[in-house]
Protein chains: 2
Amino acid sequence: MNKAEKKFREHLKREGLKSTPERMVILREVLSAKKHFNADELYESIHKHNKKVSRATVYRTIPLLVECGLIIETLRCQGRVSYERTFGFEHHDHMVCLGCGKIIEFKDDRLEELQTQICERYEFKQVEHRLGIRGYCKECVVKRLDKG
Amino acid sequence: MNKAEKKFREHLKREGLKSTPERMVILREVLSAKKHFNADELYESIHKHNKKVSRATVYRTIPLLVECGLIIETLRCQGRVSYERTFGFEHHDHMVCLGCGKIIEFKDDRLEELQTQICERYEFKQVEHRLGIRGYCKECVVKRLDKG
DNA sequence: TTGTGATTGATAGTCATTCTCAATAAAAAA
DNA sequence: TTTTTTATTGAGAATGACTATCAATCACAA
Ligand SMILES: [Mn+2]
Ligand SMILES: [Mn+2]
Ligand SMILES: [Zn+2]
Ligand SMILES: [Zn+2]
């Protein structure tokens, strides 16, 4: 049993919930699948690996993983909520390319520090923040110049 | 006819669209109603003022107002897209209180400057950005302390 | 004033997400 | 281990924000 699984099981116990095979299948898929995903992609990848978990259970389990800090809600793209696994990864922010959909992750300590200062100024107790920059990546800027 | 209305009319003409009474009712409501709103709140406030515009037309007009730069999509709260009027207002970022739903607007030039630098570093052409900080406002921090 | 194409409202459709509920299974108690 | 309690599951129905459809109507340019 790895660290993430242990963390999840402890969270479930703490909340009076049960450790079920379905929940473990979902967790393992989250840990092995691509870092950014939405509920449906998660459901699909579970089924590609020949595991059977219903869509409802996937949707029900995602909030549990969020609550226990293993994944986080990141962006909303085209009406869908997108998540990413955080366990074993550091916090970072995102750039999203409006041309090709590419996601660039970045982290800047000065940015984080500034936000902390701003929250202090407003006596606001930060839980989380999300910075999303939309625009065009290097490649797409060139493509758009070519087109005129 | 005020500046915003002129801008909207010009945008419509430029796009080969027509200036209709319904669109003008919606624009006026946007200009006079509260700064942050979602599609349904806009529809409701129009009807409270005894104007008749269908929900479909409200949904259809919002993107036109966004395209012409009079309003902007800000946050997504509980599955709803939230907008705010920008005409006559400067860019700013938001804090959202998880306790009472209050929205605090703030602007920090150093933060903006840093973001510009970061985009340059990645050769990313920024179109817009959105920083949302979630947490608890001063009042709600106190309330939560009282409860334990 | 007329002709053409855009717009409207009513309503049906879409699609992600949530709810319902009977059958089942996990964990606690015995 | 067996029983009891309670959470969980899957299937499908429901929800709700938003979008598409379409016939009737309107804006506006000529
Ligand atoms: Mn990421
Ligand atoms: Mn604002
Ligand atoms: Zn790109
Ligand atoms: Zn508050």
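Checking the phosphate oxygens (OP1, OP2) of D:dC18, a side-chain nitrogen or oxygen of B:Tyr59 falls inside 4.0 Å. For D:dA11, the OP1/OP2 oxygens have no side-chain nitrogen or oxygen of A:Ser54 closer than 4.0 Å. An OP1 or OP2 oxygen of D:dT9 is reached within less than 4.0 angstrom by a side-chain nitrogen or oxygen of A:Thr20.
For the pair A:Phe124 and B:Val96, the minimum side-chain heavy-atom distance is 4.5 Å or more.
B:Phe8 has its CZ atom 15 Å from the P atom of D:dA27, to the nearest Å. Rounded to whole Å, atom C1' of D:dT19 lies 14 Å from atom CZ of B:Arg55. The nearest whole Å value for the distance from the CD1 atom in A:Ile26 to the P atom in D:dG10 is 8 Å. In this structure, the CD atom of A:Glu15 is 18 Å from the P atom of D:dT6, given to the nearest Å. For the pair A:Arg9 CZ and C:dA27 C1', the computed distance is 13 Å after rounding to whole Å. As a whole-Å value, the separation of A:Ile62 CD1 from C:dT17 C1' is 10 Å. The distance between atom CG of B:Leu12 and atom C1' of C:dG5, rounded to the nearest whole Å, is 15 Å. In this structure, A:Leu42 places its CG atom 15 Å from P of C:dA16, rounding to the nearest Å.
A rotation axis mapping the C1' atoms of four pairs onto the next four is fitted at both ends of the helix from C:dT1-D:dA30 to C:dA30-D:dT1 over five pairs, and the angle between these axes is 30° to 10 degrees.
Side-chain N/O atoms of B:Lys18 and base N/O atoms of C:dG5 include a donor-acceptor pair closer than 3.5 Å. With hydrogens and angles ignored, a donor-acceptor pair under 3.5 angstrom links the side chain of A:Arg60 to the base of D:dG10.
Using a 4.0 Å heavy-atom criterion, one finds that B:Pro21 contacts the sugar-phosphate atoms exclusively. In this structure, A:Arg23 reaches the sugar-phosphate backbone alone: every heavy-atom distance under 4.0 Å involves primed, P, OP1 or OP2 atoms, never a base.
Toward the 5′ end of DNA chain D lies the nearest nucleotide of A:Ser19, the other residue of the pair B:Lys13 and A:Ser19 mapping further downstream.
One finds a salt bridge joining B:Glu5 and B:Arg9 here, because a Lys/Arg side-chain nitrogen approaches an Asp/Glu carboxylate oxygen to under 4.0 Å. For the pair B:Glu44 and B:Arg55, the salt-bridge criterion is met [side-chain N within less than 4.0 Å of a carboxylate O]. Taking 4.0 Å as the cut-off between side-chain N and carboxylate O, A:Lys52 and A:Glu22 do not count as a salt-bridged pair.
For the side-chain hydrogen bond (donor to acceptor under 3.5 Å, both in side chains) criterion with A:His92, the lone passing option out of A:Glu112, A:Lys107, A:Glu105 is A:Glu105.
Judged by the 6.0 Å and 45° rule, A:Lys138 forms no cation-pi pair with B:Tyr122.
Between A:His36 and A:His94, the ring centre distance stays below 6.0 Å.
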